[in-house]
Amino acid sequence: MHGPEILTRTLSSTTRRDRFGNLWQYHSRSDHHSKVACWGVIFDLLATTPLLRRHVEAGVVCFGINHEMRDFVHDRKKNLDLVLCTPSGAATSDSLASIASDYDIQLNDAERAILDNLPRLIRAPVGSVVMALEAKACMTAHQRALPRLYDELNSSHLTVHGASEQAIAVGFTMVNIGETYLSPDLNKKNRATEPEWSRHKQPRDAQLAIDKIKQLPRRSKVGDVGYDALSIVVIDMPNDGKPVKLIKAAPAPQQGDIYHYDTMIARLSGIYATRFKDLA
DNA sequence: TATTCCTTCGTTACTTCGCA
DNA sequence: TGCGAAGTAACGAAGGAATA
């Protein structure tokens, strides 16, 4: 699987300038990291799911970005970062490959070769949602951010299944285990002067966030309440320009753990193959 | 191109808890 | 009882998409 490496590589190398003149790898007010994370999930899923590739080749499945889903049961709406769906209109010129360029996604040679061999997944107006992805990050102030993080993640699967019980709800979470962090919020002056560092109690803070994410409901069949698949990726990111490290040791989920990224992709692949085998 | 609106998530302020 | 730590609720700045 490549998603987490693509995400950390892209966050390491991509910087955006704020209005104070500072360059940031990660900015909490941007959705760039969410988009890159979702892109990686779709990339891995497409590479590992033959049925999905056939559906994409046949033009049965496309994707949408920032798609608004409306929960019919509770009459609430929410925008999902990225959805796989059936098309309801003419395709756009956007494709999975073209938005990789738009988002400055950094691929190595092997990933580029895989992408070149995938069928062209195109963006089109959303018909019925097959899969909805929500990506969330917890980079600093872990403990204080937990209630909001949980509420937002919890509302996502409720909205997805309130709109479409069949749709696969996917959650991707990224937790920072770095001891120190440069927050764009606390450094709204030119950073060249005196940067203000946030300091974390690690691994405790990351563990708190991971434990909270694990409290989210999950489901094993249509009709239940919860995420169909959920993963937790742990990174070490001081946000100071240094490379972002992907952490594989505990408290990051280990191979075989239900929250491990690879497990999530394998699970999604299986669910897709059984739930949408008759999609045409 | 300018403006508006929505989303994100880190921060502040406040409350509760635990311990000496 | 007082203090620091932990927990909770709500706010709001900023990015970016949508719209005029």
Side-chain angles (χ1 to χ4, degrees), chain A residues 7 10-11 14-39 63-71 75-83 89 92-94 98-99 101-105 123-126 132-160 171-191 195-213 215-216 232-233 235 237-240:
Chain A
L7 177 60
T10 300
L11 287 176
T14 309
T15 55
R16 288 167 186 238
R17 191 178 295 280
D18 68 12
R19 64 195 186 96
F20 304 98
N22 296 317
L23 284 169
W24 298 105
Q25 294 165 301
Y26 172 91
H27 198 299
S28 60
R29 307 296 180 252
S30 167
D31 62 353
H32 177 250
H33 54 281
S34 301
K35 295 290 187 293
V36 176
C38 291
W39 191 96
F63 75 95
I65 296 172
N66 285 338
H67 174 63
E68 181 183 301
M69 294 193 79
R70 185 174 285 274
D71 177 351
D75 191 23
R76 69 182 153 198
K77 59 183 181 180
K78 184 170 176 62
N79 281 15
L80 275 297
D81 292 322
L82 201 150
V83 297
T92 70
S93 58
D94 291 343
S98 75
I99 64 168
S101 167
D102 294 343
Y103 296 152
D104 294 321
I105 289 173
R123 184 178 181 182
V126 177
L133 283 85
E134 180 77 345
K136 294 279 178 202
C138 184
M139 300 297 288
T140 189
H142 300 68
Q143 195 152 6
R144 285 175 287 183
L146 292 185
R148 181 191 47 71
L149 181 71
Y150 182 90
D151 286 348
E152 288 176 359
L153 281 164
N154 199 42
S155 73
S156 290
H157 73 79
L158 290 170
T159 304
V160 170
F172 178 98
T173 58
M174 178 171 75
V175 176
N176 187 17
I177 200 167
E179 299 270 356
T180 55
Y181 178 73
L182 269 183
S183 168
D185 267 332
L186 291 178
N187 292 279
K188 288 177 182 170
K189 55 184 183 295
N190 192 293
R191 220 173 66 201
E196 183 175 341
W197 286 90
S198 302
R199 302 192 184 281
H200 306 145
K201 290 181 185 172
Q202 300 290 16
R204 177 188 166 282
D205 286 347
Q207 184 70 62
L208 283 170
I210 290 167
D211 290 345
K212 192 68 185 179
I213 293 163
Q215 291 173 12
L216 284 161
I232 302 168
V233 166
I235 63 166
M237 181 176 193
N239 205 25
D240 62 351

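Values below: all heavy atoms of this structure, side chains included; hydrogens, waters and symmetry mates excluded. Just so it is clear, the model here is predicted, and its values are computed rather than measured. Numbered from 1 within each chain, the chains take letters A, B, ... in sequence-line order.
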* To do: Measure from CG on A:Asp31 to P on C:dA18 and round the result to the nearest Å.
  => 10 Å
* Please determine, by modelled atom types, if A:Gln215 and A:Asp211 share a side-chain donor-acceptor pair under 3.5 angstrom. => no
* Asked: Which residue lies toward the 5' end of DNA chain C, A:His27 or A:Lys212, if each is placed at its nearest nucleotide?
  -> A:Lys212
* For A:Glu179, enumerate each residue passing the salt bridge (charged side-chain N to carboxylate O under 4.0 Å, His left out) test, keeping only those at least two apart in sequence or located in another chain. => none
* Set of residues satisfying salt bridge (charged side-chain N to carboxylate O under 4.0 Å, His left out) with respect to A:Lys35, sequence neighbours excluded -> A:Asp31
* **d(CG, A:Asn239; C1', B:dC9) in whole Å** => 13 Å
* Is A:Tyr26 near enough to B:dG10 that one of its side-chain N or O atoms lies under 4.0 angstrom from OP1 or OP2? -> yes
* Counterpart residues, side chain to side chain contact (heavy atoms under 4.5 Å, CB included), relative to A:Pro203 (two or more places apart) -> A:Ile177, A:Pro251
* Asked: Which residues pass the salt bridge (charged side-chain N to carboxylate O under 4.0 Å, His left out) test with A:Asp94, sequence neighbours left out?
  -> A:Arg123
* Structure fact -> Heavy-atom nearest nucleotide on DNA chain C taken for A:Ala145 and for A:Lys35; more 5' hit belongs to A:Ala145
* Give a yes or no on whether the backbone of A:Glu134 and the side-chain of A:Asp81 come within a donor-acceptor separation of less than 3.5 Å. => no
* Asked: Can you tell me how far C1' of B:dC9 sits from CH2 of A:Trp24, to the nearest Å?
  -> 15 Å
* Starting from P on C:dC11, measure out to CD on A:Glu152 and report it in whole angstrom. => 15 Å
* To do: Tell me which residues in residues 133-140 of chain A put a heavy atom below 4.0 Å from DNA chain B, sorted by number, or none.
  => A:Glu134, A:Lys136, A:Ala137, A:Met139, A:Thr140
* Asked: Touch check for A:Ala141, heavy atoms < 4.0 angstrom, all strands: base, sugar-phosphate only, or nothing?
  -> base
* **Whole-Å distance separating the CG atom of A:Asn176 from the C1' atom of B:dC9** => 14 Å
* Structure fact -> note: A:Tyr181, atom OH; B:dT11, atom C1'; distance rounded to Å ~ 13 Å
* Asked: Which part of the nucleic acid does A:His33 contact within heavy-atom distance under 4.0 Å: base, sugar-phosphate only, or nothing?
  -> sugar-phosphate
* Nearest whole angstrom, please: distance from the P of C:dG15 to the NE2 of A:His32. => 14 Å
* **Partner set under side chain to side chain contact (heavy atoms under 4.5 Å, CB included) for A:Ala37, not counting sequence neighbours** => A:Leu7, A:Ala135, A:Phe172
* **A:His67 NE2 - B:dT7 P separation (whole Å)** => 13 Å
